[in-house]
Amino acid sequence: MKKNFVLDTNVLLHDPRSLFSFDDNNVVIPIYVIEEIDKFKRDQSELGRNSRVVARYLDALRSEGSLSEGVPLPGGGLLRVVFTHREIPSSLGDTNLMDNRILAVALDIKEREPEVPTTFITKDTSLRIRADAVGLVDQMYKHGAEVSVPGMEGLAPNEFVLLKDAQNPSHTAMARMSAAKGKLVPLLRPSKEGVWGIRARNMEQSYTLDLLLNDEVKLVTIVGKAGTGKTLLAIAAGLHKTTEEGHYQKLLVSRPIFPLGRDIGYLPGDVEQKLNPWMQPIFDNVEFLMNLSRADKKAGRGYHELLDLGIVEIEPLTYIRGRSIPNQFIIVDEAQNLTPHEVKTIITRVGDGTKIVLTGDPFQIDNPYVDSTSNGLVHVVNRFKQERIAGHITMTKGERSALAELAANLL
């Protein structure tokens with residue numbers, strides 16, 4: 001049975017080819033969506049590029065007939081560009097808002113064609129709630145196809161590939177090998193706001209976020225030089241899965257205690273006070289993600305808010321033996337300083353519903369008893385490379401600063 005799919009602006013800006021993603025069903029584009037898309041056409045960003053691609057697609061389809069009456073799509077459905085004089089109830093807000101006009105088009109289509117089910121497609125959570133309030137069936141748009149390509153049989157589980165169009169090599173797509181499905185699947189895409197405000201700056205970071213946000217991957221190992229974003233991405237993903245999705249009860253962070261240079265001796269205070277100097281790099285990243293202003297810091301705001309709320313917990317590895325840790329997002333930073341035996345002890349603490357992330361740089365080791373090949377982090381990478389529930393990424397492109405990148409390469 002054919003359906004009508006009414007597309008929101010963010011769907012087309014996210015994936016211009018969504019026009020052709022609904023098989024033999026009908027695609028409806030409100031004229032107000034075209035107006036919103038047109039505002040981005042001069043941008044040099046990905047949004048601008050997608051805006052221009054949508055315009056070219058629609059212009060090409062226009063040569064096959066009237067868009068207002070409907071033109072055939074390759075899959076067998078019809079594409080229409082429509083408008084309406086109808087308005088949504090004023091109690092739901094300003095009827096002149098573009099979002100409300102788009103909703104009005106969807107409502108009009110639903111009432112004028114009751115024999116054809118109508119679904120409103122958007123990536124905007126707030127708009128989906130409003131659509132539900134006015135009686136529309138709404139659906140979150142998920143783009144991407146699962147494909148099989150020659151040579152994929154030799155890929156390891158959760159290995160990443162960059163696909164290139166044989167006819168036009170500038171057309172590329174990032175994908176991950178799903179062992180469960182036996183196919184290449186598209187990467188998980190965060191919302192336009194990013195993951196706690198963090199967006200991937202390069203291909204490696206896109207791969208990393210895909211592993212961190214994938215609940216099917218229970219063990220993630222991230223190896224990379226200083227400044228590649230290992231710890232920041234891991235903490236951002238952990239906070240996102242804990243606070244926004246509620247998939248885990250808390251974010252548990254730990255790192256081995258090995259001084260750089262001469263040790264400063266014993267530290268006073270309780271366990272938390274003793275750990276604070278060692279965990280300061282973690283706290284710095286958390287406060288960066290909290291986007292605190294100078295005034296906020298002067299007012300006493302900081303990482304301790306998340307600690308007090310129980311969202312983040314700092315755990316010394318010293319006392320982890322014998323514990324069982326369920327339903328938590330665990331990050332072990334600087335894992336290159338651990339021995340294989342210590343890493344085994346940590347990973348075997350993982351309880352049901354827990355995800356663990358190990359990060360580190362094998363070429364910055366402070367533990368005198370391990371080296372770049374015998375440390376626990378590299379040991380885990382090698383032993384888990386063929387396991388479906390594990391994923392690994394090696395990061396090489398520094399994003400901290402030009403100086404940090406130069407120092408990592410030259411020194």
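Within the 3.5 Å criterion, the main-chain N or O of Val350 finds no donor-acceptor partner in the side chain of Arg323. Side chain of Asn26 to main chain of Leu78: a donor-acceptor pair is present (N/O by atom type, distance under 3.5 Å, no hydrogens or angles). Counting only distance, with no hydrogens or angles, the side chain of Arg176 and the backbone of Glu159 share no donor-acceptor pair below 3.5 Å. Side-chain atoms of Asn50 come within 3.5 Å of backbone N or O of Leu13 as a donor-acceptor pair. Put simply, the side chain of Lys183 never gets that close to the backbone of Met177: no donor and acceptor are under 3.5 Å apart. For Asn10 (side chain) and Lys123 (main-chain N/O), a donor-acceptor pair under 3.5 Å exists by modelled atom type. For the pair Asn409 (side chain) and Glu405 (backbone), a donor-acceptor distance under 3.5 Å is present. Using modelled atom types, one side-chain atom of Ser51 and one backbone atom of Ile37 make a donor-acceptor pair closer than 3.5 Å. Looking only at distances, no side-chain donor or acceptor of Thr228 sits under 3.5 Å from a matching main-chain atom of Gly224. A donor-acceptor pair under 3.5 Å is absent between the side-chain atoms of Lys230 and the main chain of Leu358, judged by distance alone.
Ring geometry, Tyr248 versus Phe329: the interplanar angle exceeds 60°, so the pair is classed perpendicular (tilted spans 30 to 60°). Ring-plane geometry between Tyr207 and Phe160 is classed as parallel, the angle between the planes falling under 30 degrees on a 0 to 90 degree scale with a further cut at 60.
Remark: Asp24 does not engage Lys2 in a salt bridge, criterion side-chain N to carboxylate O under 4.0 Å. Salt-bridge formation is not detected for the pair Lys39/Glu35: no Lys NZ or Arg NE/NH1/NH2 atom is positioned less than 4.0 Å from an Asp or Glu carboxylate oxygen. We find that Lys250 and Glu313 are joined by a salt bridge, their nearest charged nitrogen and carboxylate oxygen being less than 4.0 Å apart. Salt-bridge formation is detected for the pair Arg80/Glu113: a Lys NZ or Arg NE/NH1/NH2 atom is positioned less than 4.0 Å from an Asp or Glu carboxylate oxygen.
Looking at Ser18 and Asp15, their side chains never bring a donor and an acceptor atom within 3.5 Å of each other. A donor-acceptor contact closer than 3.5 angstrom is absent between the side chains of Thr122 and Asp124. Using modelled atom types and a 3.5 Å distance limit, the side chains of Thr231 and Asp333 yield a donor-acceptor pair.
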Note to self: Determine whether Asn337 and Arg255 satisfy the following criterion, side chain to side chain donor-acceptor pair (under 3.5 Å), listing intermediate values before the conclusion.
What the structure shows: CA-CA 9 Å; Asn337 283 317; Arg255 64 201 315 251; over 6 Å; no
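Using a 4.5 Å heavy-atom threshold, the side chains of Leu251 and Ile331 count as touching.
In terms of heavy-atom proximity, Lys397 sits nearest to Glu204 at N-OE1, 3.1 Å. Across every non-hydrogen atom of Leu232 and Phe288, the tightest pair is CD1-CD2, 3.8 Å. Counting all heavy atoms, side chain and backbone alike, Leu211 lies closest to Gly391 at CD1-C, 3.8 Å. Listed here is the closest heavy atom pair of Asn375 and Gln336: CB-O, 3.1 Å.
Ring-centre distance between Phe5 and Phe120: not below the 6.0 Å cut-off.
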Show which side-chain atoms of residues 376-384 pair as donor or acceptor with protein atoms under 3.5 Å away, not counting sequence neighbours.
{"unit_1": "Asn382", "atom_1": "ND2", "unit_2": "Val378", "atom_2": "O", "d": "3.3"}

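Distance check, rounded to the nearest 0.5 Å: CD1 of Ile356 to CZ of Arg349 gives 10.5 Å.
Listed by first and then second residue, the side-chain hydrogen bond (donor to acceptor under 3.5 Å, both in side chains) pairs that reach into residues 233-242 are Asp215-Lys241, His240-Glu244, His240-Glu245, Lys241-Glu245, sequence neighbours excluded.
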